[in-house]
> 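Below you'll find the structure I mean.
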Amino acid sequence: MGTSNSNGIEGDRKFLEDALKDCPNGEAAQIEKLAGMGMIPIERAYEIWADILGLAFHDLDDRNLDARVRHRIPIDVAIRHGAVAINEENGTLLVALKNPFDLLAVDEIQEVTGMSVEIALATPEAIRAAVERLQKGAAGIEGLIQKLLKAEIDTQTVADGDKLRRLVGDDAVIQLVDHLIDESLRLRASDLHVEPQRDTLRIRVRVDGEMDSLYALPVGLHRAVVARIKVASGMDIGESRKPQDGRIAVSDKVELRVSVLPSVLGEKAVLRVLDRSGVSLNPDHLEMSEHNLTLFRRGFTHPNGMVLLTGPTGSGKTTTLYTALGELNKPDRNVVTVEDPVEYEMTGTTQVQVDPKAERTFANALRSILRQDPDICMVGEIRDAETASIAVQAALTGHMVLSTLHTNDAPSTIHRLCDMGLAPYLLGPALRCVVGQRLVPRVCSSCAEVATPTPGVLAEFGLDPDQQHDQFREGRGCAACRSRGKSGRIAIHEVMYVSPEMAGAISRKASDSEIMELAKSAGYRTMLDDGLEKAERGLVTLEDVLAVARVE
């Protein structure tokens, strides 16, 4: 027998089928023998064997395993049978088994989990490594919990401030909090929530915009865990009646923004992940439509004026803002920012961190920045009338001002600023462009398939339900997306460019309908329009677009 590699996939399949023909239930040993002889790579052999058996193949990479089910199989059962839980869907647990014909293993797993079991194939090495990771993780966190509970860390005994300070320096507390942070980063979570409940300490993460449970820890660990987070983020450990904010530097590229909020059951901590490592500040990578990107560029490349990004917290406004700033940042320009916090370090700019204790607010900092001969000012957020007024004055006196504002959509920005007390005759000439933005779950490219939206959803977008619509896609769920059918998120936008005619209409307090008509004539398209375009490209579903940009 020669090597199978020369014949490609079909040759490999024929080679493997012949090699396994005479060894029923001994296929795994035969594959390992062939791989050991260099006849076929073991991973390719298992992929082909899975296809022959009609089973899924999985690489068991931690990033592709559903964190919610990783400990669903008791560790002793996982070790005994070489079993790894991959994901769960509709009451069925997908499990990779060392021996796919081990019916006793299937029966035991079904009994201890109370779920139906579907078998997947993985290489023996991948299963061994995954079980070892599970064993180490289970033993590690269980050991930490037991050590802490034996130390009598509970809501009654940890009332003394000095005792609490000693306990939060304990290695077990430090390791437990580090483990929670590491798990959050591994799952690419945007937020980690530490929430006291009546009978448990609930640990949840937000991944791709959705909340997932990570652990249910003994409630007695609550104060020690929160206290450790407060110490690590520079908060006052003795203050438990007031909200506090802080930050934790994980690495040069990753920082955690920490918020602690008192509740009736104790303090809740939320750690927001600021990860600069995977962020591209190239405007062409914003995934804006060509139409919207042209309008956006027309706004922020104007020699003066104000450009605003609107949308809820966590919608990617700051990234979009920095992208524009990166294009404007040239050696012959003086670029100064005031932010809370400084999320990205940008070479060639002067970045100022807000500090209320030093009376360095957005308004005060912006006032000082204007004495620094700036060409371009970036204000992290317009939160009050004073900041808005200074920003408009700066825009009218020859500066380009970039900022964010919390409004539901781009057109309502005009009302919001006027409600803050800005005179329309000043706002009209100052405003150049407003971008509304939302993040929508992206359809998993590994399991996307044709899916026609319901007639009601089609009607929301003005589409005829009686016509054929086979351009839309949705994910059926697979190992790559942990059975969600979605992987990552993509932004949908609306860009309202303020033409001279529209600026005049704003100044003279024209009706909303007139301003909207002028906006449309200048190229304005709603977020629903942009969402529809991305759905027709198979990137998102219409249902998910409606969830964030529904027509009222």
> Between Thr320 and Gln437, do the side chains contain an N or O donor and an N or O acceptor separated by less than 3.5 Å?
yes
> Could Arg128 and Glu132 be called an ion pair, given the rule that one side-chain N must be under 4.0 Å from one carboxylate O?
yes
> Any side-chain heavy atom of His469 sitting closer than 4.5 Å to one from Leu458?
yes
> Restricting to non-hydrogen atoms, name the atom on Ala535 and the atom on Leu542 that form the minimum distance, rounded to 0.1 Å.
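That would be CB-CD2, 3.4 Å.
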> Phe296 versus Asn292: any side-chain heavy-atom pair under 4.5 Å?
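No; the side chains remain at least 4.5 Å from each other.
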> Is it true that Lys534 and Asp530 make a salt bridge, defined as a side-chain N closer than 4.0 Å to a carboxylate O?
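Yes, this pair counts.
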> Evaluate the side-chain proximity of Leu463 to Gln467: yes if any heavy-atom separation is below 4.5 Å, no if none is.
no
> Using a 4.5 Å cut-off on heavy atoms from C-beta on, say whether the side chain of Val194 contacts that of Val226.
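Contact flag for Val226/Val194 side chains = yes.
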> State plainly whether the residues Lys486 and Asp544 are in salt-bridge range, i.e. N to O under 4.0 Å.
yes
> Examine the side chains of His58 and Tyr46 and answer whether a donor and an acceptor come within less than 3.5 Å of each other.
no
> What pair of heavy atoms forms the shortest contact from Leu217 to Thr200, and how long is it?
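In terms of heavy atoms, the two residues are closest at O-OG1, 2.9 Å.
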> I'd like to know whether His179 forms a ring pair (Phe, Tyr, Trp, His ring centres under 6.0 Å) with Tyr215, so could you lay out the CA-CA distance, the side-chain angles of the two residues, the decisive distance to 0.1 Å, and finally the verdict.
CA-CA 11 Å; His179 174 80; Tyr215 294 113; 5.7 Å; yes
